[in-house]
Amino acid sequence: MKFRGSLRPSRWTTSYGLLNGLAARELGVAVWQTGNRSLKSPLLSKVHVRGAKRTTTIKASSLPQGVLPPLPPTETIQPEKTYPTVLQQHLNNVRKFSDCVVLTRVGDFYEMYFDQVEQYAPLVGLKTAKRATTLGDVSMAGFQHTQLDRYLKMFVRDLGKQVAISEQIRLPESERNSRGGGPMFDRKVTRIVTAGTLIDESFVDPFESNFLLAVHVDPKELTHLTDTGSIANRGAMRFGLAWVDVSSGDFYTQSCDASTLASAVSRIGPKEVVVRKGADQQHEDALQRLIGEGTYSTEFFDGDQSMKAFADWNEVLERQVTTEELTAFSEQEKQAGNLVLSFIGEKLIDTNVRLQAPVRRSAEETMVIDRQSLRNLEIRATLRDGLTRGSLLQIFRRTVTNSGARLLSQRLVSPSLSLDVINRRLDLVQEFHEHDVLRERVIAYLQRTADTTRVLQRFSIAKGDADDMLSLARTINMVQQIADSLQTHLVQEYDVGSSTQDTDVEGSVKTRISVLSLADILARLMLAGPAKLAKSITSTIDEEGLSKQHAAEDEQAVASEQMIADVVAADAAGKTLPKLARRASKQASHSAAQSSDDQDIWIMRRSASPALGQAHTKLDGLVTAKHKLANKLRAATKAESLTLKWSAQLGHFIHIKGRDVTGRVAALDGAHSIGSSKSTRSFHLTEWSQLGVQIDDAKRRIRTEESHVFTRLRAHILENLMHLRRNAAVLDELDVACSSATIARERNLIRPILDASTSHHIIGGRHPTVDIGLRSQGRQFTSNDCLVGQPSQSIYLITGPNMGGKSTYLRQNALITILAQTGSYVPADYAKIGLVDNIFSRVGSADNLYQGQSTFMVEMLETAAILKQATPRSFVIMDEVGRGTTPEDGLAVGYACLHHLQNVNKCRALFATHFHGLVNMTRGFEGLACFCTDVQEDGEGGWSYVHKMQRGVNRQSHALRVARLAGLPEGAIEVAGQVLDGLGYGEKRGHDAGARVAVNAAAG
Ligand SMILES: Nc1ncnc2c1ncn2[C@@H]1O[C@H](COP(=O)(O)OP(=O)(O)O)[C@@H](O)[C@H]1O
Ligand SMILES: [Mg+2]
């Protein structure tokens, strides 16, 4: 096909036009033309606008793909005219995948056409151009294929879109001929990229899991959500959750009810939620509200239901799930599992991922941290900006591997409820805490491991490369090293244990127990199979060859970047592009000519297979023959500069340059000149042509054999999939344990004692993050005790001045509890904690106005959830409940809460308030104790906070001091002081030690 008009498209200003022009020419598909007619496609189906998060998906496989007959004519299109094949294929895909941005591969580029160009190109910063067709100009935009991840990130992550990627598949020779000049490529959507189905895209967050979550509820039960008369029925609704991280193969399920759904979802922290498409919008909205808002998009999935049976799961699992295991899953969980797997199947189309067998999470195994608490306690992100910085996770993260960081993040939001699990984790931490050398050694090995679970997923989708293999091999070797270190340590420790048995019985027993946790870890490592694999990887892949290849690739990348820069510069200077195009094609043929030198880079060792060895020997012989031939010809022609070459245009030819051109070329038998200049001469010679073809054949054989070897090696890796994943899981646990031990050393943390009681006994507790924050400013954190839940003080009623540290105290005790049940050391001098099943918090006054809820409404919603759900094993913190309304209302609501907590919930609770009237009102409460913080005067007009919790009541909020500190104008402060005096609340009243005693007596 010929270029018509200028090569340069009318509105195309970047290198894209040129390069793509080349690509297109190669393909023989694109026709560039300067045109001024413009026609919008009438065929495009409605495309969803930016930010529209509700989408419906239809079954991909049920739709025709690839090369299709032209669309049936419509009124606006002349029947005899059609779009060029690429555009037609693209258009078909846009109609089929109507909720997706469609990117079609053309040569080295991914392209968009028609309406989506106008809609999306500006949003992702792509330049647009026009492509001329017989049906008028068509908008187009595109980018180089190497930039795919960059644009996927913008479409999927930033714009919340799904992207259908249509790849070009070279048609077999036979088919092409039969089509008689038809297209060389078929195009097929091979994958739909969505936020929850990322596999190895470069923008997958290495520190966070990339979960896709399916929520299932029986459609019949959905009516409870909209039918206000049946609110009571909602309690009986059962939801099934199933979530998968395609990038690592993790697969979990869980059941929950309507009241815990939102919290469960936010703990999982999915990137995308999928729900079966409901009968109507109303139900979908109601369900969406129940699931709650988040940073994920929700898909209402209407697709393939073929993954109907639970038994079908085995097809995608790395190991079969037994019928016995099946019985553990609830019906809702199975349905959710079906849904999540169907969705994945639908999106990944041609990509087979292998998932781990599903792990069932039950509510009984983990502490529930509800949605608000997760936010309020700033566990994974801070309230201020929602970023990780400053969160508990960030401050406590000393993990050295990505997957270890992911495990830590998961553990922090779902602490354990099993004494056994917690103690085993703590044992491990203790072992690393007490043995610096062991810890440092293990950390050093861990640092050299690869993110195995994600690397393995690449192999399971047939994507991993030689580098991935080497990184696996290196990881396997590190696992061996770690195992050796643990083994050595165990032997040593055992000896230490027995020799000190007589002198320090308790110490030795302790050591022995934590040694057991190490022995357990060691026993779980699978060494034999992976060791064999590592060996076959390192004996197959030639690391030197590989690094040569990387160097060559880097060089090429630099060259093409340079070319693009040149093109852009030329374009800016108004030079024409064809000239550069010639240069580009010259450059291309130059590198092709080079590759026929004998410097081919092979990434497999010759010894990798007998066939490979033979092929190399064959090539060696031929290369020697080539050198001999060259020498013979040089002698015959007396031309030292004679070289044997190859190029795409000329094939195998002989080249002479410089003074030598006057030599006796003509004397060569069968030489056939193909070009000459003053200083060069080129000619064909049968002898070289024949030998050259043989060399090419030999090289091709090597390439083919290398790819066979590679395929076998990949199969070998997949055979070891389970063992490798299991080892990876052990490494993650070690990483998290070492992380906890490291931070424990740095911050003087102690091992908490967990038991089955319902009380706290924390001495010298500190806020995990505030403590660190203050210290970094050179300030001291005042540690505080917490004995809530002990007889006579199941509720702490806390008063004190503004900024006195009430909120900090509340949160620190919740955080210490969470850390302890995560299996981590905690910031305190001593901590004995009765297991907590639920942590609830009502703090802050975050408005949720965009959802139409006032401060007080939000406050009451959260309070309601606490009072309804807290059990005697729960831990509740309530900060200034009743603040969003009048003081009288606030007092009444506060009292009601305390009353309910004391008499109904009977849980541990820390309740901070400015309503000191509550102290008098609750005098008769048996399990309530009063504590306060204070302000200390220095006698010279200065004052400071006393952050130490003391028994008693502080009836002063010292608000005016804070106001002055904040810079409120002095006049305003004076007026405020007068008002307080007038109300009988003047500063002079001081705080009432008598009242403190009285209250204590009452409480005691
Ligand atoms: N135990 C403590 N030791 C040292 N400084 C503290 C302590 N508790 C709180 N603070 C400091 O006081 C500030 C205000 O504490 P906060 O808990 O918000 O007070 P309140 O809730 O009583 O108004 C914190 O940001 C912190 O800097
Ligand atoms: Mg406060």
Side-chain angles (χ1 to χ4, degrees), residues 372-373 375-378 382-385 389-392 395 747-749 760 762-788 796-816 826-831 841-847 855 858-859 862-863 876-884 890 894 897 909-916 918-919 930-936 943-966 968 991:
Q372 290 80 264
S373 307
R375 282 186 51 224
N376 293 335
L377 297 173
E378 306 190 305
T382 57
L383 276 173
R384 199 166 9 94
D385 49 14
R389 224 184 113 70
S391 66
L392 181 69
I395 301 272
R747 301 280 164 204
N748 255 330
L749 311 186
H760 272 57
I762 297 173
I763 305 294
R766 308 183 296 278
H767 190 292
T769 57
V770 175
D771 177 28
I772 290 174
L774 287 181
R775 253 172 232 250
S776 67
Q777 301 167 21
R779 290 160 63 193
Q780 274 284 320
F781 188 90
T782 310
S783 62
N784 273 307
D785 307 343
C786 176
L787 280 75
V788 72
Y796 274 30
L797 179 57
I798 301 162
T799 50
N802 267 303
M803 293 282 289
K806 300 182 297 297
S807 302
T808 307
Y809 178 74
L810 261 50
R811 290 168 200 223
Q812 97 184 21
N813 288 302
L815 289 171
I816 288 175
V826 298
D829 297 333
Y830 175 83
S841 72
R842 163 54 226 160
V843 302
S845 55
D847 255 275
T855 308
V858 174
E859 190 179 315
E862 294 184 10
T863 307
V876 172
I877 59 175
M878 285 197 165
D879 203 356
E880 302 193 27
V881 168
R883 174 152 93 170
C897 285
L910 305 179
F911 191 102
T913 185
H914 283 295
F915 300 127
H916 40 77
L918 284 174
V919 173
C930 294
F931 285 84
C932 63
T933 56
D934 204 356
V935 160
Q936 191 174 36
W943 54 279
S944 59
Y945 287 111
V946 180
H947 292 300
K948 199 84 188 165
M949 283 287 157
Q950 314 156 46
R951 282 194 171 259
V953 190
N954 195 332
R955 294 183 191 276
Q956 283 208 37
S957 66
H958 296 274
L960 296 191
R961 291 177 197 250
V962 178
R964 185 172 282 132
L965 216 57
L968 212 69
H991 100 226

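As the structure lists them, so they are numbered: ligands from 1, and atoms in each ligand from 1. Residue indices begin at 1 and follow the sequence shown.
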Test item, G800 contacting ligand 1 (heavy atom, 4.0 angstrom):
no

What is the closest protein heavy atom to atom 21 (O) of ligand 1, and at what distance does it sit?
S807 OG, 2.7 Å

Under 4.0 Å to a heavy atom of L774 - the qualifying atoms of ligand 1, by number
4 (C), 5 (N), 27 (O)

Mind checking whether G773 has a heavy atom under 4.0 Å from ligand 1?
no

Interatomic distance, CZ@R842 vs CD@E862, rounded to 0.5 Å, equals 5.0 Å

When you look for heavy atoms under 4.0 Å from ligand 1, do you find them on the side chain of D879, its backbone, both, or neither?
neither

To which protein heavy atom is atom 25 (O) of ligand 1 closest, and what is the distance rounded to 0.1 Å?
T808 OG1, 4.7 Å

Report yes or no: does Q780 have a heavy atom closer than 4.0 Å to ligand 1?
yes

In terms of ring plane angle, is the pair Y796 and Y809 parallel, tilted or perpendicular, where the classes change at 30° and 60°?
parallel

Shortest non-hydrogen pair, R951 vs C932, comes out as O-SG, 4.4 Å

Under 4.5 Å between any side-chain heavy atoms of I763 and L787, yes or no?
yes

Has T808 got an N, O or S atom lying less than 2.8 Å from the Mg ion (ligand 2)?
no

Do Q812 side-chain atoms and G765 backbone N/O form a donor-acceptor pair below 3.5 Å?
yes

If the cut-off is 4.0 Å to any non-hydrogen atom of N802, which atoms of ligand 1 fall inside it?
23 (O)

Heavy-atom pair of closest approach, residues L392 and P768
CD1-CB, 3.8 Å

Backbone N/O of T933 and side chain of K948: donor-acceptor pair under 3.5 Å:
no

For atom 3 (N) of ligand 1, what is the nearest protein heavy atom, given as residue, atom name and distance?
T782 N, 2.8 Å

Can you report which non-hydrogen protein atom sits closest to atom 10 (N) of ligand 1, along with the distance?
H947 CE1, 3.4 Å

Can you sort out which atoms of ligand 1 are near G805, meaning under 4.0 Å from one of its heavy atoms?
8 (N), 9 (C), 15 (O), 16 (P), 17 (O), 19 (O), 20 (P), 22 (O)

Mark up the atoms of ligand 1 that fall under 4.0 Å of a heavy atom belonging to P801, in ascending order.
22 (O)

Between the side chain of H914 and the main-chain N/O of T799, is any donor-acceptor distance below 3.5 Å?
no

Would you say V770 and ligand 1 have an N/O pair spaced under 3.5 Å apart?
no

Distance-minimising heavy-atom pair for H947 and N784:
O-ND2, 3.0 Å

What protein heavy atom is closest to atom 23 (O) of ligand 1, reported as residue, atom name and distance in Å?
M803 N, 2.7 Å

Locate the shortest heavy-atom distance separating G390 from T769; write the atom from each residue and the value.
O-CG2, 3.9 Å

